[in-house]
Amino acid sequence: MLATAAFQTLAEGKQLGWDVRSVSTSRVSGNIHQGGQFFIVSSIWRKWITLARLEVLVTSRGHQKIEETLSIVAEIDSLLEQLQESEVNLGKQHEIREYLLQFPDLIDVIPTAVRAALNHLPEAHLFLKVYHDPEIKDQYLALYVRVQKYDESIVERIEAAEKEYLELLTDKEGWFQLTTDFQEVESL
Amino acid sequence: MGRKYRNPPIVEAVCEFRLTPDTPWDLTIPGLFFEKVKSTFTQREQRVIQEVELSQEPQGLQQQIRTTERILLFTQDKKMLVQLGPRLLVVNALKPYPTWQRFKPLIETAWEGLKSVLEVRGLQRIGLRYINRIELPVPVEFVGISEYFAFYPFVGPQLPRNMVSFIIGGEFPYKEGRDRCRVQLTPAPDSGDKSAFMLDIDYFLARSREIEVGKALDWVEEAHSQVEAVFEGCITDVLRKMFEEVK
């Protein structure tokens with residue numbers, strides 16, 4: 001009954017025009033759900049419903065075109081939500097949001113990089129944060145790879161993953177780095 | 001003219017034009033459009049977008065997926081961009097908000113640029129949306145939110161005082177229902193040890209084709225005035241002081 005009530009409320013919300021949005025192909029293919037279809041409800045509803053519930057919401061409507069995300073802020077929100085669902089650990093989220101707002105052209109790079117990292121290091125735990133250089137005034141987005149046992153192949157595999165997204169960074173103002181800090185997985 | 005603030009909470013402003021389906025569109029338009037606006041929006045990127053259309057038919061759920069391309073054109077500093085897709089033009093301004101006096105000319109440039117390369121037959125939707133992130137200097141219990149906002153959830157006396165989260169939204173009609181303004185207030189994600197809230201104000205044309213193509217920019221100007229009024233209606237003097245009004 002509770003679920004039904006939730007659907008009714010959401011359906012009513014949709015009839016009132018609350019946003020239901022899809023995400024770009026590049027983002028969909030870039031996350032760990034391997035190309036599954038994602039429907040992103042803008043953040044006001046997102047945290048309250050699961051994907052399964054949302055499907056019911058959508059089918060409860062007659063003919064419905066799902067609109068794409070037009071706001072960069074909303075895109076960043078859904079990207080971070082998807083990264084969390086994909087078990088990427090996030091550092092200070094407000095710093096990541098600020099960085100992506102400053103360099104919005106990096107938004108599309110991240111899912112590709114995450115996918116590449118998991119392709120080459122399937123056992124890895126990933127940790128995304130804004131890295132602040134202690135010596136010069138510089139910062140960039142860093143995706144850290146942590147594994148249970150480090151061996152000689154890790155740098156090689158990181159470099160192989162890098163090759164899959166490096167050209168996407170051409171002409172970007174911001175920077176994104178895939179790396180490892182050789183820390184233990186448990187420290188995440 | 002609305003109030004001006006030294007520290008406005010705007011994280012993004014979005015102006016959107018959706019053209020009616022009878023407006024002709026072909027693959028040459030993005031390139032032609034770029035030629036018109038490239039002195040302002042100098043950097044070009046391309047994205048592939050999936051549009052999903054679902055319909056409940058007698059035989060079950062029907063799903064159609066279309067792939068379209070969208071170009072993104074950024075200003076040199078990447079603080080403003082134009083998104084152009086089939087029958088869709090969006091102009092985004094990211095923080096720091098450049099003021100309406102600087103944002104509106106970019107909307108004009110993009111809109112006029114588009115009109116010069118295709119025959120716009122009608123407007124299905126126009127929208128002007130402002131997303132604000134309002135950070136308070138001290139952690140605030142939701143029950144104390146009325147000190148800062150004039151748009152907030154009402155919690156009856158028999159309900160618990162400690163709420164961990166909330167969503168509040170409303171849609172207000174304007175111009176006899178031709179336009180609507182959707183207002184949403186939620187706690188900001190990952191506020192850390194501060195209290196932060198997202199105030200999202202989206203003013204849009206609710207009735208397709210009710211604005212003539214030639215009057216689109218007048219509509220945008222009017223929409224901006226309404227958004228300003230709604231924003232002021234959502235906050236209290238405590239926040240105005242925090243934002244530091246410029247007289």
Side-chain angles (χ1 to χ4, degrees), chain A residues 13 16-29 37-39 42-48 55 58-77 80-81 90 92-98 100-108 168 171-174, chain B residues 11-14 16 18 43-45 47-57 60-65 67-68 70 72 74 77-79 81 83 85 88 90 92 94-95 127 129 131 133 135 165 167-171 180 182 184-186 188-192 194 196 198 200 202 204 206:
Chain A
L16 284 170
W18 298 102
D19 293 348
V20 176
R21 298 164 185 278
S22 67
V23 294
S24 66
T25 301
S26 53
R27 181 112 56 77
V28 169
S29 63
Q37 296 306 314
F38 281 87
F39 305 106
S42 64
S43 58
I44 191 166
W45 294 115
R46 179 66 175 153
K47 59 189 106 168
W48 268 271
E55 284 166 3
V58 174
T59 57
S60 71
R61 297 273 293 156
H63 193 71
Q64 178 64 54
K65 184 176 176 187
I66 299 175
E67 294 174 359
E68 64 271 34
T69 299
L70 302 173
S71 150
I72 302 299
V73 168
E75 265 198 78
I76 294 170
D77 281 348
L80 297 188
E81 284 166 5
L90 301 179
K92 291 177 181 165
Q93 280 194 41
H94 62 276
E95 287 188 2
I96 300 173
R97 282 172 206 280
E98 287 288 317
L100 289 173
L101 263 180
Q102 200 181 344
F103 303 109
D105 52 1
L106 281 182
I107 294 171
D108 267 8
L168 295 177
D171 297 330
K172 306 289 190 204
E173 294 284 322
Chain B
V11 286
E12 185 178 16
V14 186
E16 165 198 351
R18 282 183 191 275
Q43 299 175 61
R44 179 178 169 153
E45 285 186 17
R47 282 191 190 173
V48 179
I49 303 291
Q50 267 188 346
E51 281 189 344
V52 184
E53 194 165 331
L54 297 175
S55 54
Q56 184 68 62
E57 306 293 346
L61 179 68
Q62 302 295 308
Q63 176 177 307
Q64 271 195 317
I65 300 169
T67 301
T68 58
R70 188 182 302 167
L72 274 66
F74 289 87
D77 63 3
K78 302 227 170 174
K79 295 294 176 203
L81 65 141
Q83 303 182 58
L88 173 71
V90 187
N92 304 64
L94 302 174
K95 67 178 273 195
R129 180 178 179 190
I131 302 173
R133 181 185 164 96
E135 283 189 5
S165 190
I167 48 175
I168 175 173
E171 207 163 272
R180 286 190 187 180
R182 182 182 306 151
Q184 298 176 345
L185 181 71
T186 57
D190 185 42
S191 312
K194 289 181 187 167
M198 301 301 291
D200 188 341
D202 187 6
F204 59 95

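Residue numbers start from 1 in every chain, and the chains themselves are labelled A, B, ... in the order their sequence lines are given, proteins ahead of strands.
Legend: residues meeting side chain to side chain contact (heavy atoms under 4.5 Å, CB included) with A:Ile96, ordered by chain and number and at least two apart, are A:Leu80, A:Leu90, A:Leu100, A:Leu128, A:Val130, A:Leu141. For the side chain to side chain contact (heavy atoms under 4.5 Å, CB included) test, residues two or more places apart in sequence or in another chain that qualify with A:Glu98 are B:Lys95.
For the pair B:Gln43 and A:Asp171, the tightest heavy-atom approach, listed with the atom from each and the gap, is OE1-O, 4.3 Å. Residues B:Glu12 and A:Val73 approach most closely at OE1-N, 2.7 Å, considering heavy atoms. For the residue pair B:Ile131 and A:Ser71, the shortest heavy atom distance occurs at CD1-OG, 3.3 Å.
Contact count versus chain A (heavy atoms, under 4.5 Å) is highest, among B:Leu94, B:Leu72, B:Val14, for B:Leu94.
Going from atom CG of B:Asn92 over to atom CD1 of A:Ile72 covers 4.5 Å, rounded to the nearest 0.5 Å. For the atom pair B:Lys78 NZ and A:Leu106 CG, the distance stands at 8.0 Å (nearest 0.5 Å). Annotation: the span from A:Asp77 atom CG to B:Met198 atom CE amounts to 6.5 Å, rounded to 0.5 Å.
Remark: the backbone N or O of A:Leu70 is paired with a side-chain donor or acceptor of B:Gln83 at under 3.5 angstrom.
Heavy atoms of B:Leu81 lying under 4.5 Å from chain A belong exclusively to its side chain. For chain B, the nearby parts of A:Asp105 are the backbone and the side chain; heavy atoms of each come within less than 4.5 Å. Interface residue B:Val90: only side-chain heavy atoms are found under 4.5 Å from chain A.
By the 4.0 Å N-to-carboxylate-O rule, A:Lys172 lies close enough to B:Glu45 to be salt-bridged with it.
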